[in-house]
Number of protein chains: 2
Amino acid sequence: MAIPRAAKTQRRTRIQEEKEEIILEAALDVFSVNGFRGTTIDQIAEVAGMSKPNLLYYFRTKEAMHRALIDRVLFTWLEPLRAFDANGNPESEIRSYIRRKLEMARDFPRESRLFANEMLQGAPHVEDELRGPLKALVDEKAEVIRAWATAGKITKCDPYHLIFSIWSTTQHYADFDVQVRAVLGQEHAGEGRFEDAARYLEKLFVDGLGIRRS
Amino acid sequence: MAIPRAAKTQRRTRIQEEKEEIILEAALDVFSVNGFRGTTIDQIAEVAGMSKPNLLYYFRTKEAMHRALIDRVLFTWLEPLRAFDANGNPESEIRSYIRRKLEMARDFPRESRLFANEMLQGAPHVEDELRGPLKALVDEKAEVIRAWATAGKITKCDPYHLIFSIWSTTQHYADFDVQVRAVLGQEHAGEGRFEDAARYLEKLFVDGLGIRRS
DNA sequence: TGTAATGTTTACCAATCGGTCAAATTATCT
DNA sequence: AGATAATTTGACCGATTGGTAAACATTACA
């Protein structure tokens, strides 16, 4: 009778899963470049290769698409930080954290830019998640770092700003990709730039934090 | 008779200077948050406290406003890098460069976000400036850094990625301000965070680059 | 195979978009 | 003060916006 909104159904159809995936993929393309306000449903529809009302059959509003994307990104985005192990030794933990974050910048630049766009706008949709789960996780890992410093494994430093500096340096290669390419020029802008960055950043942090090399 | 567009006049009126300043100030507010596509002329007009046609009397199009802003920001943004002195000693040059960039993140966050927005969108309006003047300036300073390494004043490292890492770590405090505040929480989010960041970053880079302290 | 639920599209809506126009107002200069 | 140039605004335009209604097409399942 009335239109049975996809969201209302109990079981998700095969078509629903496929189409929702296609839509979110297209939405990520557009949102990550133009931000929320700058994105139109028509743009997403065109990239997704379906009609606008069809998008709105799966996601009632533009907000709903954005929300679904943000939720997904927020979760996977913190994976590397969660993997940060208190029992590991500082050198390998820092090194692999940097490497993992750089890999994400290389392999998921759109997700990084979506997040960056949200931050630039003042996090209107995710401020609660920042103050809650994110802060809690960072607090926990900051304590690990502080313990390392107390144990003399690394030099004393502000663990929060340490985490910020790893975030910013790695995400830079996704968010400011155009600038990085332009400055490096044709000759050094090949995909090798991520390995160069990894080599440079690992050394910067290992030496900068006074980590005894093993 | 016909409307004498402000742009056509030879001498700039006092009113012209004042109003153009007010408009650009308002435009910076809105563009820096919502990006180019996400910004409407009506929004700018409301912030500026004048009617939309009045804005368009001073700037013919939305692009013109954005262009004027970007040009202004691009110039002042590179000031700290230009001040980077080949004859200075590495420690003081690096330290003051970091400090200057952090001061800009603190005092001109909107300008930083405007630039970040432009980068996220793939620099559609400024790609030429990146490949031209910016690359030239970075190339020049990279040579300075390489010379320092050759002279044994700092450890060998990729000068381009070094510059990227200073850019990213400092601008982070402007572009990701919400996140920084949220993670630091009420207690540490006061204005002291910039001094904490300066202390941490200066140490990170001085030690990380193997600079002999004087 | 038939039919009910699910999926898709064309046509459309009111609101907002960037921008124009002409009339009205204000500042400037003699 | 009066004339002229500069400034400001309300009314408006066609295009685009987010979203809806309803008819049509397809799928899943008895």
Side-chain angles (χ1 to χ4, degrees), chain A residues 1-27 29-31 33-69 121 124-125, chain B residues 1-27 29-31 33-69 121 124-125:
Chain A
M1 179 94 213
I3 298 176
R5 281 277 180 197
K8 277 190 179 177
T9 62
Q10 297 297 341
R11 298 244 283 149
R12 287 165 49 107
T13 314
R14 170 187 57 89
I15 294 182
Q16 274 176 39
E17 299 207 14
E18 288 175 5
K19 292 299 171 73
E20 285 178 10
E21 191 52 42
I22 291 175
I23 292 170
L24 288 182
E25 184 70 14
D29 265 3
V30 187
F31 278 131
V33 170
N34 297 113
F36 181 76
R37 287 223 43 188
T39 294
T40 72
I41 302 181
D42 296 87
Q43 283 178 304
I44 301 175
E46 193 187 337
V47 174
M50 46 179 113
S51 65
K52 177 167 65 170
N54 205 3
L55 290 208
L56 293 163
Y57 172 74
Y58 292 101
F59 296 92
R60 266 198 268 277
T61 63
K62 192 168 81 162
E63 257 103 7
M65 299 180 210
H66 191 256
R67 177 88 244 166
L69 269 181
Q121 286 161 30
H125 305 98
Chain B
M1 184 80 219
I3 298 176
R5 281 276 182 197
K8 278 190 180 176
T9 62
Q10 296 298 339
R11 299 244 281 150
R12 286 164 51 100
T13 314
R14 170 185 55 89
I15 294 181
Q16 275 176 39
E17 299 207 14
E18 288 174 6
K19 291 301 169 72
E20 285 178 11
E21 191 52 43
I22 291 175
I23 292 169
L24 288 182
E25 183 70 15
D29 265 3
V30 186
F31 277 131
V33 170
N34 296 113
F36 182 76
R37 288 220 43 185
T39 294
T40 72
I41 302 181
D42 296 88
Q43 283 178 303
I44 301 175
E46 193 187 337
V47 175
M50 45 179 113
S51 67
K52 178 166 64 169
N54 204 5
L55 290 208
L56 293 163
Y57 171 73
Y58 291 102
F59 297 92
R60 266 199 265 276
T61 64
K62 189 168 84 162
E63 258 102 7
M65 299 180 210
H66 191 255
R67 180 85 244 165
L69 270 180
Q121 287 161 29
H125 305 98

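Convention: sequence-line order gives letters A, B, ...; per-chain numbering from 1.
By the side chain to side chain contact (heavy atoms under 4.5 Å, CB included) test, A:Lys62 pairs with A:Phe31, A:Phe36, A:Ile41, sequence neighbours left out. The side-chain hydrogen bond (donor to acceptor under 3.5 Å, both in side chains) search around B:Glu21 returns B:Arg72, not counting sequence neighbours.
Listed nucleotides D:dT17, D:dT9, C:dT20 differ in distance to B:Leu56; the shortest reach to its side chain belongs to C:dT20. The nucleotide whose nearest atom lies closest to any side-chain atom of A:Pro53 is, among C:dG19, D:dT9, C:dT10, C:dT10. When each of D:dT17, C:dC17, C:dT9 is scored by its nearest atom to the side-chain atoms of A:Met50, the top-ranked nucleotide is C:dT9. Picking from C:dG7, D:dT8, D:dT17 the nucleotide with the shortest atom distance to the side chain of A:Thr40 gives D:dT17. Of the listed nucleotides (D:dT8, D:dG19, C:dT8), D:dG19 has the atom at the smallest distance from the side chain of A:Glu63. For B:Ile15, the side-chain atoms get nearest to D:dT8 when compared with the rest of D:dT8, C:dG19, C:dT8. The nucleotide whose nearest atom lies closest to any side-chain atom of B:Lys19 is, among D:dT8, D:dG10, C:dG19, D:dT8. Nearest nucleotide to the A:Thr61 side chain, out of D:dG19, C:dC21, C:dT10: D:dG19. With distances taken from any side-chain atom of A:Gln16 to the nucleotides C:dT6, D:dT9, D:dG19, the minimum falls on C:dT6. Which of D:dT9, C:dT8, C:dG19 sits closest to the side chain of B:Ser51 comes down to D:dT9.
A donor-acceptor contact under 3.5 Å links the side chain of B:Lys52 to the base of C:dG18.
Put simply, CD on A:Glu46 is 12 Å from P on D:dT16, counting in whole angstrom units.
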